Each structure stands twice: as structure tokens, then as C-alpha cells.
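Residue numbers run from 1 in the order of the sequence given. Fair warning: this is a prediction, and the values are worked out from it, not measured in the lab.
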Amino acid sequence: MAGRINDDDVKAVRDAVPIDSVVSEYLQLRNAGGGNLKGLCPFHDEKSPSFQVSPSKGLFHCFGCQEGGDTIAFVMKIDHLSFSETVERLAAKAGITLRYEEGGYNPGHQRGERIRLVEAHKVAAQFYADQLGGAEAEIGRKFLAERGFDQAAAEHFGVGYSPAGWDHLTRFLRGKGFSDKELILSGLSQDGRRGPIDRFRGRLMWPIRDVGGEVVGFGARRLREDDNGPKYLNTPETPIYKKSQVLYGIDLAKKDIAKVSRAVVVEGYTDVMACHLAGVTTAIATCGTAFGGDHIKILRRLLMDNGSARVIFTFDGDAAGQKAALRAFEDDQKFAAETYIAIAPDGMDPCDLRLAKGDQAVADLVEPRTPLFEFALRQIVRRYDLETPAGRAAALDEAAPIVARIKNVASQHEVAVQLAGMLGILDTPFVVRRVAQIARWARDRGGRGPAPAQNRTAPPPIHAPQAPAGPALNLRSPAHRTERELLKLALQRPELVSPAFDAYGVDEFTAPPYATVRQCIQDAGGATDAPSDYLATVREAAPNDTVRALVTELAVEAIFAKTVDEAYAGDQLVTVRLRAVDRRIREVQGSLARLGAHGDPEQQAAVQNELWVLTQYGQSLRNNGAAAL
């Protein structure tokens with residue numbers, strides 16, 4: 001075991017590395033006044049920045065999730081490092097040599113695991129880069145030249161070459177003091193018949209860096225016909241490399257992404273290179289996986305996720321590219337930024353476009369862009385026979401929810417009118433109302449989208465923002481007693497209230513403590529098909545010890561019924577839902593009264609329609625009980 005790091009050295013590291021310079025490697029910071037900086041918290045999802053950094057005090061604090069501490073605490077939390085690993089990493093950044101209380105200077109093989117793996121990748125990246133100039137790598141240099149990349153471009157992006165032999169890198173890293181275990185764990189080597197061998201052999205190599213600029217993996221491109229492996233081979237999942245959490249080029253692009261509030265998402269390594277060399281320095285790419293939620297989190301922190309930010313996807317014009325674009329659209333609502341798609345007229349990717357038409361053509365590619373939702377609409381509409389009423393109706397059913405997702409209400413209305421034209425439906429107001437209805441249902445369902453198609457004639461469950469509101473907890477209130485009883489059932493006998501319970505919104509529980517417990521159950525994955533550790537998971541989801549204690553209390557308190565069965569559970573479900581419906585009816589009646597006799601007829605019609613649907617639903621609950629849920 002390595003000794004304890006000298007306290008004076010720890011203090012020196014804290015003083016030497018400014019907290020704002022470290023934090024800004026992971027998220028965009030802006031002036032918050034009083035000498036502080038602010039940004040979107042990297043430890044929880046939020047729409048407006050509540051994460052603040054005080055450079056003068058060397059501290060950070062999030063007023064949303066309550067995470068806080070100094071530079072060391074921040075790096076430990078965000079990179080999942082131990083205390084000693086964090087100090088060692090920051091010391092290396094500051095050029096500080098650490099002393100250890102028990103055993104003197106820390107030898108290399110005793111360093112923390114993550115530090116060692118990052119060091120191995122750093123050494124490997126330099127090894128591959130050095131190999132690119134050798135005779136064997138002529139085929140790699142030719143590949144780059146044919147795509148318009150010279151030696152300077154290769155050096156800028158750290159492109160290298162892996163020798164074709166079995167263990168060139170493995171032997172080199174052993175000579176640098178890395179153990180076989182570390183080489184296998186890093187993904188740089190793999191088990192062979194007689195020990196570790198190189199994972200990458202005879203390929204062009206791109207180092208993949210995290211947002212902090214450290215090499216955590218590689219992308220390797222096949223060069224020879226006798227290579228039977230895949231065209232692109234990436235580092236496997238390792239303690240430092242998760243393909244769903246890395247973006248190629250993010251280390252080079254992050255400052256410009258934050259500066260201009262724009263990111264360009266391309267499909268491959270050479271596309272990133274082509275874009276940057278053409279002046280589109282905000283280009284990034286995923287690494288062997290589809291663009292998804294974890295990638296969005298990285299970009300949101302850099303974009304500050306404001307409404308003026310832009311994310312542009314440049315997918316190929318072929319079927320695979322179109323499919324990738326539609327997958328990206330599925331996550332569109334997670335951005336506050338506007339999302340667009342740019343496809344070259346000839347369906348070329350940025351690398352091919354730069355070769356054929358030059359740098360300006362690549363720069364122009366991302367300017368006349370199409371909103372991603374419009375592209376998705378056209379892809380949907382073209383699948384249906386619009387010459388028949390049935391085809392137009394089916395296309396509307398699939399396309400209307402897409403339009404309903406558009407965040408800007410005015411844009412949503414305009415696109416609904418465009419959709420009517422695309423479909424050839426002459427009754428444009430009908431399409432506009434349909435979209436508005438689905439959008440309203442989506443809001444009521446807590447932003448989770450419209451109700452399933454087979455249920456869209458019935459009103460959706462009533463949802464509201466997660467912050468609960470309502471009267472103080474009063475067990476003499478019939479409403480509060482029923483809410484408590486339903487939560488006890490959901491915790492103790494989840495099978496009796498599932499799956500209906502999971503469709504209940506937080507705002508259907510009027511007592512704030514109960515609304516918070518409802519949120520915990522939702523955060524824990526819901527009551528349907530509850531696993532064996534269900535209660536423990538719900539307790540872990542509690543935001544504090546007070547709520548955790550309430551969960552425990554509800555989980556052990558006796559249910560107030562001689563016979564606890566589906567009928568009793570159904571009564572509680574219906575009572576809670578019916579009260580929520582009645583509250584919503586009163587709200588809608590108030591809206592109708594405020595519109596008055598001279599209000600907008602279309603808006604009046606929409607409100608009256610919602611009132612009618614809610615009234616029918618309430619009556620159905622009274623007549624049919626749980627069967628109407």
C-alpha cells in the first residue's frame with residue numbers, strides 16, 4: 001500500500017489548482033455576481049443553473065442537490081475517484097511532486113487505478129503517434145492523405161498507427177512499468193495464448209479524450225483487406241471508458257461550443273477532423289454508439305441549455321443516417337436548445353464534402369439547416385398513402401405527437417398548419433386542435449408524452465411539476481387519509497395497485513409529504529413489477545432522512561382494512577383520482593369563465609372540449625369504479 005499523502009502537499013495542491021479552471025473543463029460557467037460563477041449542475045439534471053463556484057474561497061455548491069466542497073471534492077465526485085487518486089491527478093496537473101508519510105515517494109505501480117489507466121492511455125497515444133511516421137504505417141498515411149489530411153492534421157488530432165505485430169504496445173508498456181493486469185483492465189491489451197497481446201494491430205488510431213482532455217480510449221480503423229475484424233474497433237467498456245459517456249472531439253470543441261452556444265454532431269472521426277479543419281470547430285461525434293441521454297448531459301452543461309443554443313446533427317442521407325436522425329429526435333425534448341439536421345444535397349458526409357467541394361462547402365452545410373422535428377415529420381408522412389382517408393388519418397396519428405413536442409407554442413401552431421398541408425387535410429383547424437390536445441395531455445402527464453393511442457379518447461392521468469403543493473398534512477382530512485392509505489398499499493402491496501398507480505401524478509397527492517413519497521416511488525422505478533429490494537430502492541430515492549423516515553413509517557404501518565384485496569385497493573385508487581379530476585374540472589371551469597363570451601372561439605372550443613372529457617371521465621369513475629382507470 002502507498003503511504004498517506006503529506007498534509008502540506010495536499011494543501012499545496014488545493015492552492016495551486018484554481019477551482020474555476022477545473023470546473024470549467026466540465027461545464028460552462030458564467031458570471032453570477034459577487035465574484036461567483038454559475039452553471040448547470042453536473043450532478044443532477046436541471047433546466048436553470050443552481051450550481052455556483054466561488055474562486056476566491058475555492059469552493060462550489062449546488063443549491064438544487066446540495067452537493068458542495070472544494071476542488072478535490074469536485075473531482076472526486078465527477079470522476080468517481082478516491083481521495084488519493086484525485087490529489088495525485090491534480091498534483092500532476094500542477095507539476096507538484098507528492099510526498100508520502102509511510103514509505104516516501106510513491107512508486108508508479110502503487111498509484112490509484114484510474115490514474116494508472118489514464119497514464120497507460122497517455123503513453124499508448126504517444127506510442128501510436130510515433131509509429132505513424134514509420135515505414136509500416138505508409139498505408140495509414142495514404143488513407144489520411146486520400147481524405148485530405150496532412151501530417152499537421154494528424155498531429156493536431158493525435159492520430160497514430162498500431163503496428164501489425166502481436167505485442168508491440170504490450171511490450172512497450174511493460175517497459176514503462178505497467179503490469180499485465182493493468183494492460184488488460186485498460187483495454188489496450190487482451191488475453192492471448194501465452195499472455196497479453198495488443199488489442200489494436202495494423203490499424204489507424206484515433207485517441208478518444210474525455211471533456212477534461214485525458215485520453216480514455218481509442219477508435220481504430222481497419223486498413224488492410226486481410227484484417228477480418230470490424231471496420232471500426234473501439235476500446236471496450238473499462239473503468240475509465242464508457243462509450244455512452246464520451247464524445248470524440250469534445251476536448252477540442254468545448255470552448256467554442258460554450259462560446260457560440262452551438263454544437264455540430266457528426267457521425268465519424270474523419271468527419272470531426274474535416275469540420276474542424278474547415279472552421280466548424282464545434283463538431284463532435286459519438287464513439288460506436290447512437291447519440292443518447294448521457295451525451296445530451298455533456299452538451300447541456302457546455303451550452304448552458306438556453307433557448308438560443310443550437311445543436312445541429314449532420315447525418316448521412318442514406319437510410320441508416322435517417323434512422324440515426326430519428327433516434328436523435330427521440331431525445332430532442334431533453335434539450336432546451338433548438339435541434340436541427342443538415343444533410344448535404346448529394347448525401348455526402350462532411351469528410352467527403354470537404355474533398356469534393358472544399359472547406360467552404362462544409363461550413364455552409366450547417367447553415368441552411370432543417371429543424372429536426374420537420375425532418376422527422378417528413379420521414380413519417382412519406383410512409384403513408386396520403387391518397388386515402390385512412391392513410392391520412394394514420395399519418396396524422398403518428399405525426400401529431402411529434403408536433404406536440406415542439407417547445408415554442410407559436411412554432412407548434414405554425415408547424416401544425418404545415419402538417420395539415422403535408423397531409424392534404426383541408427380542415428386545418430382540426431389538425432391544430434388535435435396537436436394542441438395532445439400537447440396539453442403531455443403536460444398533464446408530466447412531460448412524458450401523450451397517452452397511448454388506444455387510450456387517447458379517455459382523459460390522461462393528471463400530472464404536474466414535481467414540486468408538490470397543497471395544504472399542510474392533516475390526518476383528519478379525508479383526502480389525506482386516503483392518500484396515505486394508497487401510499488401504504490403502493491409500498492406494502494404494490495401488486496394490488498399496479499399498474500394503475502404508476503400513472504398517478506405527483507399533484508394527485510395534495511399533502512406535500514405524500515407528494516414527495518409519491519415522487520420517491522417514481523424515482524425508484526415505480527410499483528409495477530417491484531423487485532425484491534423495492535423498499536430499499538424507494539428509501540434510497542428519498543431526498544433526506546425526514547422523507548426516508550416517512551417511507552419507512554408508511555411501509556410498516558398497518559393498512560386500515562380487515563380484508564386487503566384488489567377491491568379495497570381499487571377504492572383508494574378511484575377516490576384519489578376522482579378528487580384530482582374534480583379539482584381539475586374546477587380549474588377548467590374557472591378558465592372558461594375568464595374567457596367570457598368574447599374570448600377566442602377556438603380556445604373556447606378547446607377548453608369546453610377538455611371540460612366535457614373530464615366530466616365524462618369523472619362520471620365513469622363514479623359509475624364503474626376501478627374499471628374506469
Is it true that [X] and [Y] have a side-chain N and a carboxylate O under 4.0 angstrom from each other?
X: Glu182; Y: Arg174; answer: no
X: Arg354; Y: Asp364; answer: no
X: Arg378; Y: Glu374; answer: yes
X: Asp191; Y: Arg199; answer: no

**Q.** Phe51 six-ring centre to Lys38 NZ/CZ under 6.0 Å and within 45° of normal
**A.**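 Judged by the rule (NZ or CZ under 6.0 Å from the ring centre, within 45° of its axis), Lys38 is not positioned above Phe51.
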Q. Is NZ or CZ of Arg434 both nearer than 6.0 Å to the six-membered ring centre of Phe430 and within 45° of the ring axis?
A.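 Arg434 over Phe430 ring: no.
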**Q.** Any side-chain heavy-atom pair of Phe313 and Val264 under 4.5 Å
**A.**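 No, too far: nothing below the 4.5 Å cut-off.
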Q. Is a side-chain N or O of Glu237 found less than 3.5 angstrom from the main chain of Lys243, in a donor-acceptor match?
A.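 Answer holds: yes.
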Q: Dump the intermediate steps for side-chain contact (heavy atoms from CB on, under 4.5 Å) on His168 and Phe127, then the final yes or no.
A: CA-CA 10 Å; His168 288 279; Phe127 172 84; 4.2 Å; yes
Any chance the rings of [X] and [Y] have centres within less than 6.0 Å?
X: Tyr161; Y: Phe200; result: no
X: Tyr128; Y: Phe218; result: yes
X: Phe149; Y: Phe157; result: no

Q) Pick one: which of Tyr241, Phe291, Tyr269 meets ring pair (Phe, Tyr, Trp, His ring centres under 6.0 Å) with Tyr248? A)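 With Tyr248 as partner, ring pair (Phe, Tyr, Trp, His ring centres under 6.0 Å) holds for just one option, Tyr269.
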